[in-house]
Number of protein chains: 2
Amino acid sequence: MMLRLYTRGVIVLPMDVFEAVAEPTRRSVLDLLARSERSAGELVAAFPGLTQPAVSRHLRILRESQLVDVRPDGTRRVYSLRPAALAELDRWLDTYRRFWGERLDDLERHLDSRTRRTGAEEAK
Amino acid sequence: MMLRLYTRGVIVLPMDVFEAVAEPTRRSVLDLLARSERSAGELVAAFPGLTQPAVSRHLRILRESQLVDVRPDGTRRVYSLRPAALAELDRWLDTYRRFWGERLDDLERHLDSRTRRTGAEEAK
DNA sequence: CGCGTATATAATCGCAACATCATAGATGAC
DNA sequence: GTCATCTATGATGTTGCGATTATATACGCG
């Protein structure tokens, strides 16, 4: 039961998160989705410099890298953030955190607005 | 006094961190440097699948994205990690941290060895 | 100085990323 | 059903990344 994913060359691989977020447009999409979920059309409208197929392709890559979720709503497809994949990035950064440490202050401040959420739906 | 940086097309821009870490080889270099500083030659030796110029170009990109430092030592050039640039990535992730929350527990635990400081500078 | 070693750059090439335009598929309204 | 709308995909072109080989530059040594 092999997932059909992004074809890189001949072989079928999962799109990796690092590549996905390397693209400025895709980071912008994630920023928008962090505020609220949006339909594909709304996202297209958010990028006047790009055509609809261009945005659609970016959405595909974000889907394949597990960074977003899609929910059909009539003829629309509503995209929402799926941050588990970003946690992978965060985990990678963990290795380096001990090198700067000062930034932990910001995180601490951030934690004061405690968004505790012990229940968690985790996709693998 | 404009820094000469990486030429992208015609315009000269700083290499951005997201692109720099998107490359698996470059991430491996960072991982090696996180353990200890190494000369260019040692780094070349660490990648038997690549030629010396290939590694050298990766090092250039890491230099231009401020992710590494170089110190001449005789005829060698010794590379070391400069994690400030990674902090930029970390800052970007801050926006999304509230979405996965479980990891906040880890950070919080981490913070118990606190580095208190109340000052705050906020970008944007 | 010339020679060897270490590293960076130049020129070139292949391939993959990202854009476009055109078209297909799916859904809702009539 | 037909038609309009929303979204995804196919075909294709340009551009830029990352690789190579060959060459240049810098340093140390005799």
Output the single nucleotide from [options] whose closest atom is nearest the side chain of [X].
X	options	result
A40(A)	dG18(D), dA6(C), dT7(D)	dT7(D)
S39(B)	dT7(C), dT9(C), dT7(D)	dT7(C)
S56(B)	dA19(D), dA8(C), dC18(C)	dA8(C)
H58(A)	dC18(C), dA8(D), dA8(C)	dC18(C)

For R26(A) and E19(A), indicate whether the former's side chain and the latter's backbone hold a donor-acceptor pair under 3.5 Å.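 Confirmed, R26(A) side chain pairs with E19(A) backbone.
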
> Within the pair R60(B) and dA8(C), is there a side-chain N or O less than 4.0 Å away from OP1 or OP2?
Replying inline: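 Checking R60(B) against dA8(C): no side-chain N or O falls below 4.0 Å of OP1 or OP2.
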
Under the side-chain hydrogen bond (donor to acceptor under 3.5 Å, both in side chains) rule, collect the residues that match up with [X], sequence neighbours excluded.
X	value
R27(B)	none
T25(B)	E23(B)
R76(B)	none

* For R77(A), enumerate each residue passing the salt bridge (Lys or Arg N to Asp or Glu O under 4.0 Å) test, keeping only those at least two apart in sequence or located in another chain. =>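 R77(A) satisfies salt bridge (Lys or Arg N to Asp or Glu O under 4.0 Å) with no other residue.
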
Quick tally for nucleotides 24-30 of chain D: nucleotides whose base has a protein heavy atom under 4.0 Å get B, sugar-phosphate-only ones S, the rest -, giving ---SS--

Rounded to whole Å, how long is the line connecting atom [atom1] of [X] with atom [atom2] of [N]?
X	N	atom1	atom2	result
R77(A)	dG28(C)	CZ	C1'	16 Å
E23(B)	dC17(D)	CD	C1'	9 Å
L62(B)	dG18(D)	CG	C1'	14 Å
E19(B)	dG16(D)	CD	P	11 Å
Y79(A)	dT7(D)	OH	C1'	8 Å
I61(A)	dA8(D)	CD1	P	13 Å
E42(A)	dC6(D)	CD	C1'	12 Å
R76(A)	dA29(C)	CZ	P	12 Å

Hydrophobic cluster identity match, V78(A) and I61(A), side-chain contacts under 4.5 Å: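 Different clusters.
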
With sequence neighbours excluded, tell me which residues meet side-chain contact (heavy atoms from CB on, under 4.5 Å) with [X].
X	result
A84(B)	none
A46(B)	L32(B)
A40(B)	L59(B), Y79(B)

Give each protein N/O atom lying under 3.5 Å from an N/O atom of nucleotides 20-23 of chain C, with the pair distance.
residue	atom	partner	partner atom	Å
dT20(C)	OP2	T51(A)	N	3.3
dT20(C)	OP2	T51(A)	OG1	2.5

